[in-house]
Amino acid sequence: MSEPEAITDERAAAEAVATSMSLAMDELRSRHALTRSPNEWQSLIRSGRA
Amino acid sequence: MGAVAAVTTALELAHGWQPSLNCFVTIDDESAMTRAHQVESKFTSGPLAGLPFAYKDVFTRLHRKSPRAGTNEDFVGSEGAPAAVDDIMRAAGAIDIGSLHLDELAYGATGRNGILDDCHNPWDLQRASGGSSSGAAAVVAARVLPMAIATDTGGSVRVPAAWCGVLGLKPTYSAIPTRGVVPLAPSHDTVALVALQAGVLGDAYRTLSGRPREERLEVANFTVGHLSGAPLGSVDESVARGMAIGARALAALGANVRDLRWPHLDDCNVAAAVVTATEAAAVHGSGWRDRPHRFQGGTRTRLRAGSLLAGVDYVDALRFRGDAIAEALAGPFSEADIVMTPVAPTVAPKLSTVPSPDSPALATGTGTLLAFTRPFNFLGFPCVAVPVGLTPEGLPLAVQLIARPWQEETLLVAAHAMQGLIGWDRWPLPTPAHLPRLEPAEEAG
């Protein structure tokens, strides 16, 4: 396979991977309310308490 | 054994195994011997004094070559200073003899690397070692070194430890400092340890984390939740058999073993994949964009995929992270001191069946391979991969034990008791004909 073909394949594969991850996040959002701040995980690990 | 004798033996074994395993990037004979003489002449004491070990090639080490992280490029830390871990290990009198093989950028789980060539599994040289800490697991499994220091961002210590039949500890997120380590995904990156024996693993963990030994823990007082239900649908028969052996071993040691369900574990893997991909693309973005030809196709594909993700997906993954940690503490870990899961869904595969690291296809199969490990980088909980048996083909089987944050001592006590019962450190490793057959080492602590 020539280099441009390989790069095209990689771009297509990367787009497929990113789309698949994004769709999986859509499904996750449909199952969870996501009420916490994006930083809260750090203090939860530090304290080890819910 | 004194430091000079221990390092001399380790170097001989390292050179003997290297042609078969390709587990080292560098073997630093001269500096290791110099250091061994220094340690011996200063009468340095402590549990790690004189202990030979090696680093996955992502750590900046004093007076050694810069790490290359499995790539074609040197990674020099912003201050060029040694890793925090290197400072601690040198003060403890441990002696590093070289740097170890890994998947490119530590972004992989198979031990295949077209730049370094593949690392091989000492139990079957045609099989994958696992990765990304491929060299760390292979070198300890081959009894070249009693321990190795590596990193784990999604299973990078636990998967190769499981496939190579050794212990792999991923501590609580931030328990061991990451300064001076080439990053992959900083909010998942964890300095992690591989060892053959639980005593050595515990000594190294306590030295590096500065946390004390917990004296009063006993396996007989532990409740162990044996993961059951949907997530196990993806594992092969031998891995399921390993889980049954692990449960029987813990029950035989007096633990109360019960089935446990974890409904949203798969969602943790989904969100963890987004966090890893986004952070890796941000951290290594300039490298692969400016010099794409210097990276393998699989790595480029992963980094490109991460750069395409929406910011809202990354932030929502982090918002879910808090929910998932709280749910784990209030759910599974309100019932159990330890949760037991598989490590990987299969035993070590043949190298010929693992996609080439240059192939974009490598970017699509990692989610399944890391389904049981990456969720716990996302949650930040400590885990240890523990060998439990060999398949009829002589391949290692393992289970993963997980505890609440900062409860590494619970895992170490369980691993120590399981080692006494199962005795993986005495399993006869097939040894290449040109090397002496080794007697099992004495337990060091």
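We name chains A, B, ... by the order of the sequence lines, and we start the count at 1 in each one. Below, all heavy atoms of this structure are taken into account, side chains as well, without hydrogens, waters or symmetry copies.
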Taking the side chain as every heavy atom from C-beta outward, state whether B/Leu308 and A/Glu15 have any atom pair closer than 4.5 Å.
-> yes
Turns out that what part of A/Ser37 lies under 4.5 Å from chain B's heavy atoms comes down to backbone
Which residue pairs pass the side-chain hydrogen bond (donor to acceptor under 3.5 Å, both in side chains) test when at least one of the two sits in residues 371-380 of chain B, sequence neighbours left out?
-> B/Asp152-B/Asn377, B/Arg158-B/Asn377, B/Asn269-B/Arg374
Given that the side chain runs from C-beta out, which part of B/Ala277 has a heavy atom under 4.5 Å from chain A: side chain, backbone, both or neither?
-> side chain
Those residues that, when tested against B/Phe381, pass ring-ring contact (aromatic ring centres under 6.0 Å, His included) (two or more places apart) = B/Phe333
Can you sort out the partners of A/His32 under ring-ring contact (aromatic ring centres under 6.0 Å, His included), two or more places apart, ordered by chain and number?
-> B/His264, B/Phe320
Find the one option among B/Asp358, B/Asp267, B/Thr172, B/Leu303 whose heavy-atom pairs under 4.5 Å with chain A are most numerous.
-> B/Asp267
From A/Ser47 atom OG to B/Leu329 atom CG, the distance as rounded to the nearest 0.5 Å | 7.5 Å
Point-to-point distance, once rounded to the nearest 0.5 Å, from CD of A/Gln42 to OG of B/Ser174 | 9.0 Å
Go through B/Asp266, B/Asp323, B/Val274, B/Val315 and name the one with the most non-hydrogen pairs under 4.5 angstrom from chain A.
-> B/Asp323
Looking only at non-hydrogen atoms, find the nearest pair between A/Ala18 and B/Ala305 and report the distance.
-> CB-O, 3.6 Å
Tell me, with the steps shown, if B/Asp313 and A/Arg29 meet salt bridge (Lys or Arg N to Asp or Glu O under 4.0 Å).
-> CA-CA 10 Å; B/Asp313 284 338; A/Arg29 278 185 283 264; 2.8 Å; yes
Can you measure from CD (A/Glu10) to CD (B/Gln296) and round to the nearest 0.5 angstrom?
-> 11.0 Å
Checking heavy atoms, do the side chain of A/Ser43, its backbone, both or neither come under 4.5 Å from chain B?
-> neither
Is a donor on one side and an acceptor on the other found under 3.5 Å between the side chain of B/Arg319 and the backbone of A/Leu34?
-> yes
Look at A/Glu40, A/Arg49, A/Arg31 and state which one has the largest set of heavy-atom pairs under 4.5 Å with chain B.
-> A/Arg31
Which atoms form the tightest heavy-atom contact between A/Ser22 and B/Leu309, and what is the distance?
-> N-CD2, 4.4 Å
Okay, B/Ala273 and chain A: the region with an atom under 4.5 Å from a heavy atom over there is both
Given side chains that start at C-beta, do those of B/Ser187 and A/Trp41 come closer than 4.5 Å, heavy atoms only?
-> yes
Can you check whether anything in residues 401-412 of chain B gets within less than 4.5 Å of chain A, heavy-atom wise, and list it by number?
-> B/Pro405, B/Trp406
Heavy-atom closest pair, residues A/Ala24 and B/Val270 | CB-CG1, 3.6 Å
What residue, out of A/Asp26, A/Asn39, A/Leu28, A/Thr35, has the most heavy-atom pairs lying under 4.5 Å from chain B?
-> A/Leu28
Locate the shortest heavy-atom distance separating A/Arg36 from B/Ala326; write the atom from each residue and the value.
-> NH2-CB, 3.2 Å
Can you name the closest pair of heavy atoms from B/Ala271 and A/Met25 and give their distance?
-> CA-SD, 4.2 Å
